[in-house]
Amino acid sequence: GRDKAEYMTSLFRSVLGFPKEGINFRDFMPVLEDAKGLQILLEGLEKALPVPADSFDSVAGLEARGFLFGPALAARLGKGFIAVRKAGKLPPPVIGEDYTLEYGQARVEVESDAVSSGERVLIVDDLIATGGTAKAAADLIRKCGGIIAGFSFVMQLEGLDGIDSLGPYPTSTLVSMPA
Ligand code: PRP
Ligand code: MG
């Protein structure tokens, strides 16, 4: 409940001016380092799934921080895990999706047999800010023939319309903070 959300929020460390001036970096690592925090994180994501667990087939996590808890969540749910990686890390054949960041271009990739046609996928990441990363992952999974069941985030940054930018998908976030 609310106490757990407050406890988890308290574990995020805020670092002003990282990675550049004007950014208030929300550091997620202390949540993982805290035994209780890690339990609350996994239990919270499982309880707050945006859709019932039997309405999706697998969990996709976004490199890098989505890799830190996505496989654990997938295992708790009895699902497999799909790694959505930054470009150039996976051996061929891969399927990729280019997207635009605030400065410049980026690309995410999956191994080309990672997603089956019609596979229903829950996308997870630690944090949604602009939504650019999660949107690119969703576009990539659709390109592979997958169906987006929904999105789960640990943290939402307020005022950036990240969730709206994803489209009309069921979405859950555990905690929320100003950008
Ligand atoms: C961070 C965060 C999300 C993304 C959110 O990842 O982990 O994946 O940014 O931002 P957005 O909603 O504006 O796209 P980042 O690529 O900075 O680093 P990471 O490799 O440590 O996950
Ligand atoms: Mg990330």
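Remember, it's 1-based here, ligands and their atoms both numbered in the order they're listed. None of the values given here were measured: they were computed from a predicted structure.
A centroid separation of 6.0 Å or more is found between the aromatic rings of Phe81 and Phe69.
Geometrically, Lys135 does not engage Tyr99 in a cation-pi contact defined by less than 6.0 Å to the ring centre and at most 45° from the axis.
No side-chain donor-acceptor contact under 3.5 Å links Arg26 to the backbone of Val15. Between the side chain of Thr130 and the backbone N or O of Gly162, no donor-acceptor pair lies under 3.5 Å. In this structure, Lys143 contributes its side chain and Ala138 its backbone to no donor-acceptor pair below 3.5 Å.
Using modelled atom types, one finds no donor on one side chain facing an acceptor on the other under 3.5 Å when comparing Ser55 with Arg120.
The residues Glu63 and Lys86 are annotated as not salt-bridged, no charged nitrogen and carboxylate oxygen being separated by less than 4.0 angstrom. Between Arg76 and Glu46, at least one side-chain nitrogen of the basic residue sits less than 4.0 Å from a carboxylate oxygen of the acidic one, meeting the salt-bridge criterion.
Under the 4.0 angstrom criterion for non-hydrogen atoms, Asp125 is in contact with ligand 1.
Looking only at heavy atoms of the protein, atom 13 (O) of ligand 1 is closest to Thr130 OG1, 2.5 Å. Atom 14 (O) of ligand 1 has as its closest protein heavy atom Thr133 OG1, 2.6 Å. Shortest contact from atom 10 (O) of ligand 1 to any protein heavy atom: Ala129 CB, 3.7 Å.
Taking every non-hydrogen atom of Leu127 and a distance limit under 4.0 Å, the qualifying atoms of ligand 1 come out as 3 (C), 5 (C). Each of the following atoms of ligand 1 lies closer than 4.0 Å to a heavy atom of Glu63: 20 (O), 22 (O). In the vicinity of Lys86, heavy-atom distances shorter than 4.0 Å reach the ligand 1 atoms 15 (P), 16 (O), 18 (O), 19 (P), 20 (O). The atoms of ligand 1 that sit less than 4.0 Å from any heavy atom of Asp126 are 2 (C), 3 (C), 7 (O). Every atom of ligand 1 is numbered from 1 in the order shown, and the set under 4.0 Å from a heavy atom of Gly131 is 11 (P), 12 (O), 13 (O).
The closest heavy-atom contact to atom 17 (O) of ligand 1, among the options Gln156, Arg65, Arg85, comes from Arg65.
In terms of polar-atom proximity, Ala64 is counted as a contact of ligand 1, with an N or O under 3.5 Å from an N or O of the ligand.
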